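Side-chain atoms are counted along with the backbone in the values below, which use heavy atoms only and exclude waters and symmetry mates. Nothing here was measured: the structure is a model prediction, and the numbers come from that model. Note that the numbering runs from 1 along the sequence shown for the chain.
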Amino acid sequence: MTNMLLHVSLILSAVPPGPAVKAEIVDSGTDKDAYKVGDKATVRISIKNTGDRDITKVEVRAAIEKEFLGNFVKVMSDHIQVPIYRIRPGETETYKQTATIPNFPGKYRVGTRVIANGQEIGEFQKTIEVTR
């Protein structure tokens, strides 16, 4: 059994990693800095493929935090498979997501990490204000 585990370990360590993704976030943010309860808010992320291979899978790990007594506390997080199916070398694609601002005024921090073909390529954060 030990020889079999050693053999499997050697095979797994001999598999080279996939090709590195070369991409960057060239634009990100929200459509406004301040919203009223019930407004529609749009978050956008533009990704440019700066490499020589297609990007075929883009994921966003998003979190929303609300300020409470001077600290930000996570109120929501999500892992989103972005409907961008191919970004060819040199091309830029933009993803937008719209949601309704809930009935909870205050200061919020929106943060995302972007993953392309399984590799993190960047992140952004923005603080917004919600009023009645």
Side-chain angles (χ1 to χ4, degrees):
M1 181 70 148
T2 303
N3 286 342
M4 186 175 188
L5 290 175
L6 177 60
H7 181 69
V8 171
S9 292
L10 290 173
I11 289 173
L12 291 175
S13 64
V15 176
V21 171
K22 292 184 180 174
E24 61 185 64
I25 299 171
V26 293
D27 181 46
S28 61
T30 58
D31 57 335
K32 297 191 293 186
D33 295 329
Y35 298 90
K36 291 188 185 278
V37 168
D39 281 354
K40 298 285 186 191
T42 300
V43 176
R44 73 183 178 288
I45 302 170
S46 296
I47 303 160
K48 181 174 183 175
N49 183 343
T50 58
D52 58 2
R53 301 179 195 283
D54 287 357
I55 293 172
T56 56
K57 183 178 180 184
V58 177
E59 303 167 68
V60 172
R61 296 196 179 137
I64 297 176
E65 301 170 312
K66 186 176 188 314
E67 185 180 46
F68 182 72
L69 299 174
N71 295 307
F72 281 95
V73 177
K74 188 183 297 185
V75 293
M76 187 207 89
S77 64
D78 202 358
H79 182 158
I80 303 162
Q81 177 73 38
V82 177
I84 292 175
Y85 302 106
R86 177 184 296 169
I87 307 174
R88 291 186 169 93
E91 290 184 345
T92 300
E93 290 287 336
T94 300
Y95 170 68
K96 293 180 182 180
Q97 179 71 44
T98 300
T100 302
I101 298 293
N103 191 18
F104 301 103
K107 189 180 287 188
Y108 290 84
R109 185 166 55 199
V110 178
T112 64
R113 289 185 349 188
V114 180
I115 295 112
N117 289 1
Q119 179 181 322
E120 187 169 331
I121 62 166
E123 60 183 83
F124 88 90
Q125 282 190 351
K126 181 169 182 185
T127 301
I128 62 170
E129 186 77 31
V130 175
T131 59
R132 290 203 188 274

Output side-chain donor-acceptor pairs under 3.5 Å for residues 35-45, partner residues at least two apart or in another chain, one line each.
unit_1 : atom_1 : unit_2 : atom_2 : d
Tyr35  : OH     : Asp31  : OD1    : 2.5
Tyr35  : OH     : Lys32  : N      : 3.1
Tyr35  : OH     : Lys32  : O      : 3.3
Asp39  : OD2    : Lys32  : NZ     : 3.4
Asp39  : OD2    : Lys36  : N      : 2.7
Lys40  : NZ     : Thr100 : OG1    : 2.8
Thr42  : OG1    : Thr98  : OG1    : 2.9
Arg44  : NE     : Asp27  : OD2    : 2.7
Arg44  : NH1    : Thr30  : O      : 3.2

Donor-acceptor contacts under 3.5 Å from residues 68-91 side chains, at least two apart:
unit_1 : atom_1 : unit_2 : atom_2 : d
His79  : NE2    : Glu59  : OE1    : 2.5
Arg86  : NE     : Asp54  : OD2    : 3.3
Glu91  : OE1    : Arg88  : N      : 3.2

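Legend: salt bridge (charged side-chain N to carboxylate O under 4.0 Å, His left out) pairs involving residues 106-121, not counting sequence neighbours, sorted by first then second residue: Glu65-Arg109, Arg113-Glu120.
Here the side chain of Asp33 pairs no donor or acceptor atom with the backbone of Glu129 at under 3.5 angstrom.
Not counting sequence neighbours, the partners of Asn103 by the side chain to side chain donor-acceptor pair (under 3.5 Å) test are Arg132. Checked against side chain to side chain donor-acceptor pair (under 3.5 Å), Gln97 has the following partners two or more places apart in sequence or in another chain: Tyr95. Taking Ser46 as the reference, Thr94 meet the side chain to side chain donor-acceptor pair (under 3.5 Å) condition, with sequence neighbours excluded.
Lys66 NZ: more than 12 foreign heavy atoms inside a 6.0 Å radius.
The two atoms that bring Ala116 and Val21 nearest to each other are O-CG2, 3.4 Å, heavy atoms only. The shortest non-hydrogen separation linking Ile47 to Ala23 is CG2-CB, 4.3 Å.
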Inset, instruction - Please report the C-alpha distance between Asp52 and Lys22 in whole Å, then the side-chain angles of each, then the deciding distance to 0.1 Å, and finally whether the salt bridge (Lys or Arg N to Asp or Glu O under 4.0 Å) criterion is met. - result: CA-CA 8 Å; Asp52 58 2; Lys22 292 184 180 174; over 6 Å; no
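Taking hydrophobic clusters as Ile, Leu, Val, Met, Phe, Trp and Tyr residues chained together by side-chain heavy-atom distances below 4.5 Å, Ile115 does not share a cluster with Ile25.
Rounded to the nearest 0.5 angstrom, Ile121 CD1 and Thr50 OG1 are separated by 8.5 Å.
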